Amino acid sequence: MKYNYSEIEKKWQDRWDAEGVFKATEDHSKPKFYGLVEFPYPSGAGMHVGHIKAYSGLEVISRKRRMQGYNVLFPIGFDAYGLPTENSAIKYNTHPRILTDRNIEKFTSQLKRVGFSFDWSRVVDTTEEGYYKWTQWIFRRMFDEGLVFRAKTLVNYCPHCKVVLSNEDSQGGKCDICHNDIVQKSKDVWYLRITEYADKLLQGLDKVDYLPNIKLQQENWIGRSEGAFANFAISGQDDFLRIYTTRPDTMFGVTFMVIAPEHPVIEKYRDSIANIAELDAYKEECAKKTEFERTQLVKDKTGVKIDGLSVINPANGKEIPVYISDYVMMGYGTGAIMAVPAHDERDYDFARKFGIDIIEVIRGGNIAEAAYTGDGEMVNSEFLDGITTKAEAIAKMIEFLSAKGIGERGVQFKMKDWAFNRQRYWGEPIPIVHCPKCGMVGVPYEELPLRLPDMENFVPGEGGESPLAKVESFVNCTCPKCGGAAKRETDTMPQWAGSSWYFLRYCDPHNTEAFASKEALDYWLPVDWYNGGMEHVTRHLIYSRFWHHFLYDIGEVPVDEPYAKRTAQGLILGPDGDKMSKSKGNVVDPNDVVNEYGADVLRVYILFMGDYSSAAPWNESSMKGCKRFLERVAGLTDLVKGTGETEAIASLFHKTVKKVTGDIEEMKFNTAIAAMMTLINAIYEHGSLTRDELGVFVRLLCPFAPHLCEEMWEMLGNKNLCAVAEWPTWDETKTVDSTVEIAVQICGKLKGTIRIAADADKDAAIAAAKADEKIAAQLEGKTLIKEIYVPGKIVNFVAR
RNA sequence: GCGGGUAUGGCGGAAUUGGCAGACGCGCAAGAUUUAGGAUCUUGUGUUCAUUCGUGCAGGUUCGACCCCUGUUACCCGCACCA
């Protein structure tokens with residue numbers, strides 16, 4: 001048969017659609033499989049081949065599961081709220097709704113051309129009323145449960161996008177959207193109390209099957225640390241400054257204290273601080289620095305001593321000075337630290353610069369040269385002297401603090417609460433009303449969805465207020481509680497809101513009474529296998545686990561962890577080895593590839609190009625090899641003779657079925673395809689195969705190249721679709737050869753090979769090896785010290 | 001700075017986890033076919049004339065090391081003054 005991909009692909013895509021083979025139903029007679037891929041953000045640029053790679057992994061697994069008799073849910077949708085669409089809406093003066101619809105249409109046609117087996121009847125669009133109603137609903141529930149709060153704090157702000165960003169969205173001091181530097185700004189913002197779930201998010205990792213590096217990255221992001229809080233009395237006041245430390249054992253080495261420039265104690269004692277003007281100036285200077293500048297100057301510590309404020313070291317009663325410095329952050333711990341220059345590098349640098357005493361309390365280093373952070377015997381520490389283990393010293397010190405009622409054990413997390421609002425138009429309106437009498441009041445559930453008003457000009461205000469603030473009919477409302485005049489919140493939710501629960505909506509996407517029915521959730525959850533990008537591990541993956549844990553706690557979902565298994569694909573790099581990007585002009589459009597080579601070649605190439613989870617550069621000439629492979633597959637129809645098994649290649653068939661079946665489960669798609677290539681080479685060498693064997697081959701390849709395989713399956717006279725044909729099985733006994741070629745070594749060096757019976761015992765194998773002419777010649781005149789035989793592998797003679 | 005990872009032919013990458021290194025594919029070379037090119041097919045392809053030598057580098061353990069251990073270099077990713 002000649003391989004005419006353009007004809008075949010259209011034909012089968014239409015057939016799959018018409019027969020609805022990929023539609024999932026709640027069929028309790030079969031085991032279920034819920035495979036999930038990260039739904040795309042429908043940008044104007046369309047998809048690139050990276051999207052195709054991201055979906056191809058679970059596409060193959062889902063197709064295989066269907067053939068193995070599972071009831072499979074493999075859905076897709078669109079995460080359509082967000083800044084890029086809004087920005088291009090402003091640029092082209094077109095409404096984001098129109099752009100979004102256009103982009104979704106484009107993405108849909110691209111996805112369909114690749115032949116993905118998505119259930120197209122369950123598509124969700126996060127910007128649709130029927131969807132965002134439930135995003136708002138979940139937010140409302142969080143508001144009711146006290147997980148939503150508003151606070152005026154220093155936040156990450158992108159001057160370019162004019163939005164407040166969460167900690168997750170400003171990693172490395174760069175805006176996640178436009179990659180410009182972010183600045184710290186004091187602003188009133190909405191927060192979700194994700195830190196309340198920090199321990200649950202951490203512990204939940206123990207019971208899920210995530211790739212180790214994914215788990216580790218989440219653990220680091222959550223950043224749990226154990227230590228102690230301690231109160232340092234302020235001299236001459238009935239007041240104290242509270243610090244957090246992981247090293248209470250070093251408290252006798254404290255020679256000064258540092259507080260963050262924004263620490264409220266400065267305001268409190270403003271009048272008694274002599275150099276307040278100097279402090280104010282320093283504070284202002286810090287606010288101006290970008291995150292980038294701050295990190296560049298890590299070694300060069302700055303700060304100002306507070307003149308008129310000192311504290312007492314609770315361990316030894318000594319009075320110590322207090323400094324402000326921007327190496328202490330208001331957002332972690334208490335915004336104040338006890339400084340132990342002898343045993344902390346940062347404190348050491350600071351003490352050196354400001355000429356502060358450095359007192360050794362742990363022996364083992366040379367504090368004249370550098371801070372010593374290792375373990376050792378405690379010295380200069382009164383009741384701790386002589387202790388040699390850190391744990392014991394810490395325990396003793398905490399005991400001491402507790403007894404005096406000025407300190408206790410404490411836990412801190414690096415993760416911060418989630419800044420949850422954007423001063424932008426294209427997002428879910430936050431369903432809250434500000435009432436002068438009642439304060440913040442949630443929009444009643446029956447009034448949801450709170451619709452995003454239609455407007456012409458949604459350019460964000462210069463002062464950083466939301467465009468919605470300009471829509472009076474939206475802003476002015478009555479208070480749901482007291483009925484008096486009130487104003488609506490005008491900020492919208494961040495782009496991560498809709499994606500935090502979309503996998504739940506897939507279970508029951510058209511439900512108008514609930515975000516999904518209980519029955520549907522009970523049947524489908526948890527997601528059995530979730531694949532996506534590493535870049536979402538400390539964003540979307542954390543956020544959605546948080547929302548899910550919350551929904552579990554209020555009894556809305558049946559399981560606490562949403563994803564049983566999580567894997568990640570590697571990037572596809574440009575042909576030049578750089579990351580694909582529009583500005584570099586090295587982006588490959590899947591449509592071009594489908595036009596020139598066909599969808600099946602694209603799919604096979606993407607999975608064959610290398611290890612699925614590693615980055616690999618695009619290489620067009622390698623794709624030709626995949627094209628040749630599929631052409632040779634198509635050519636198999638001309639070699640068919642008879643039925644049953646062909647003895648010469650039967651064993652290889654069974655081995656290949658076994659190998660491909662196993663490799664797919666481990667996402668080793670490249671070696672699965674290589675095994676099928678090896679098999680086809682052997683078939684061509686043999687010159688023929690049977691009808692039954694071709695049927696096996698076609699089904700084995702079907703998840704990778706479904707269009708071609710459907711066509712061949714039909715040619716073989718099958719009435720059903722290959723997509724739901726039974727996955728081939730293998731006979732274990734036929735994968736074992738009766739004779740094997742094994743290596744013969746002398747002193748670990750390869751000297752030759754012999755062919756022996758697979759079940760040969762040691763004596764027989766050794767005898768066979770010795771009988772070999774070459775080996776015998778090499779052993780001539782040597783004394784055998786040891787003979788080693790590893791069945792099926794090797795014979796090794798140790799001889800002198 | 002901390003945490004994690006990687007290093008194998010001209011290239012992408014394999015190696016049953018301690019047992020014949022380089023599967024499979026690309027590229028390249030020669031030949032066949034073709035008026036020619038392209039496409040296709042066949043053969044070859046780590047290195048060395050060969051004995052050899054070969055998995056970033058230097059050691060070690062072992063009958064045997066890409067695989068385990070110690071040290072070292074380079075690159076990649078994540079976090080980053082987290083107290």
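Values in this document were obtained by computation on a predicted structure and should not be read as measured data. A, B, ... follow the sequence lines: proteins, then strands. Residue 1 opens every chain.
At whole-Å resolution of the value, CD1 in A:Ile775 and P in B:C20 are 15 Å apart. Rounded to whole Å, atom P of B:C81 lies 17 Å from atom NZ of A:Lys353. The nearest whole Å value for the distance from the CD atom in A:Gln745 to the P atom in B:G19 is 11 Å. The distance from atom NZ of A:Lys793 to atom C1' of B:A15 is 11 Å, rounded to the nearest whole Å. When the P atom of B:A23 is taken as reference, atom NZ of A:Lys659 falls 14 Å away, rounded to whole Å. Taking atom CD1 of residue A:Ile214 and atom P of nucleotide B:C77, one finds them 18 Å apart after rounding to whole Å. Regarding A:Trp618, its CH2 atom lies at a distance of 17 Å from the P atom of B:G12, rounded to whole Å. Atom CE in A:Met676 sits roughly 15 Å away from atom C1' in B:A23 (whole-Å rounding).
Residue-level contact check: A:Lys668 touches the backbone only, with heavy atoms under 4.0 Å from sugar-phosphate atoms and none from bases. When heavy atoms are screened at a 4.0 angstrom cut-off, A:Asn220 is found touching the sugar-phosphate backbone but no base atom. When heavy atoms are screened at a 4.0 angstrom cut-off, A:Asp347 is found touching no nucleic acid atom at all. Backbone-only engagement by A:Gln217 is indicated by non-hydrogen atom pairs under 4.0 Å involving sugar-phosphate atoms exclusively. Using a 4.0 Å heavy-atom cutoff across all strands shown, A:Arg224 reaches no nucleic acid atom at all. Contacts of A:Thr245 with the nucleic acid, taken as non-hydrogen atoms under 4.0 Å apart, involve only primed sugar atoms and P, OP1 or OP2. Within 4.0 Å of A:Ala615, counting heavy atoms only, lie sugar-phosphate atoms of the nucleic acid but no base atom.
Spacing between B:A74 and B:A65 at atom P, rounded to whole Å, works out to 28 Å. Rounded to whole Å, the P atom of B:C67 lies 15 Å from the corresponding atom of B:G9. The gap from the C1' atom of B:U17 to that of B:C57 amounts to 24 Å, rounded to the nearest Å. Nucleotides B:G4 and B:G71 have their P atoms positioned 14 Å apart, rounded to a whole Å. With P as the reference atom, B:U43 and B:C26 are 14 Å apart, rounded to whole Å. Remark: the separation of the C1' atoms in B:U70 and B:C77 is 26 Å, to the nearest Å. Between B:A21 and B:U52, the two P atoms lie 13 Å apart (nearest whole Å). For the P atom pair drawn from B:A15 and B:A7, the interatomic distance equals 12 Å after rounding to whole Å.
One side chain, A:Glu168 or A:Tyr543, offers a donor N or O that lies under 3.5 Å from an acceptor on the other. Side chains of A:Trp730 and A:Glu732: a donor-acceptor N/O pair is present below 3.5 angstrom, by distance only. Between the side chains of A:Asp663 and A:Thr671, at least one donor-acceptor pair of N or O atoms lies under 3.5 Å.
Aromatic ring pairs are classed by plane angle as parallel below 30°, tilted from 30° to 60° and perpendicular above 60°; the pair A:Trp496 and A:His536 is perpendicular.
With contacts defined as side-chain heavy-atom distances shorter than 4.5 Å, the pair A:Glu262/A:Thr153 does not qualify. Between A:Tyr191 and A:Val155 the shortest side-chain heavy-atom distance falls below 4.5 Å. Proximity of A:Met667 to A:Phe669: side-chain heavy atoms (C-beta onward) are separated by under 4.5 Å at one or more points.
Closest to the A:Leu216 side chain, of the nucleotides B:C41, B:G19, B:G4, is B:G4. For A:Lys751, counting side-chain heavy atoms from C-beta on, the closest listed nucleotide (B:G19, B:U52, B:G25) is B:U52. Here the side chain of A:Asn670 is nearest to one of B:A83, B:G19, B:A14, namely B:A14. Residue A:Ile788 places its side chain closer to B:C63 than to any other of B:A83, B:C63, B:C20. Among the nucleotides B:G13, B:C20, B:C41, the one closest to the side chain of A:Ala616 is B:G13. Counting only heavy atoms from C-beta on, A:Met677 has its side chain closest to B:C24 among B:A83, B:C24, B:G13. With distances taken from any side-chain atom of A:Thr671 to the nucleotides B:A23, B:C81, B:C41, the minimum falls on B:A23. Checking B:A14, B:U52, B:A21 against the side-chain heavy atoms of A:Leu750 singles out B:A21 as nearest. Distance from the side chain of A:Asn681 is smallest for B:C24 among the nucleotides B:A83, B:C20, B:C24. Counting only heavy atoms from C-beta on, A:Glu741 has its side chain closest to B:C20 among B:G19, B:A83, B:C20.
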Dot-bracket for RNA chain B, 5' to 3', Watson-Crick and G-U pairs with both distances under 3.5 Å, [ ] for crossing pairs, | for partner on another strand, reads (((((((..(((......[....)))((((((.......))))))(......)..(((((..]....))))))))))))....
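Looking only at distances, a side-chain donor or acceptor of A:Asp731 sits under 3.5 Å from a matching main-chain atom of A:Thr733. Between the side chain of A:Lys762 and the main chain of A:Glu787, a donor-acceptor pair closer than 3.5 Å is present. A distance-only check finds no donor-acceptor pair linking the side chain of A:Lys414 to the backbone of A:Ser225 [under 3.5 Å].
Base orientation of B:G38: anti (glycosidic angle beyond 90° from 0). Annotated as syn: B:U17, whose glycosidic dihedral is within 90° of 0.
Nearest-nucleotide positions on RNA chain B place A:Asn213 closer to the 5' end than the other of A:Ile794 and A:Asn213. The residue among A:Phe797 and A:Ile742 whose nearest nucleotide of RNA chain B is located toward the 5' end is A:Ile742.
Listed pair A:Arg628 / B:A39 fails the phosphate criterion, with no side-chain N or O lying under 4.0 Å from OP1 or OP2. Phosphate proximity of B:A83 to A:Tyr332: present, with a side-chain N or O under 4.0 Å from OP1 or OP2.
Checked against a 6.0 Å centroid threshold, the rings of A:Tyr323 and A:Phe350 count as neighbours.
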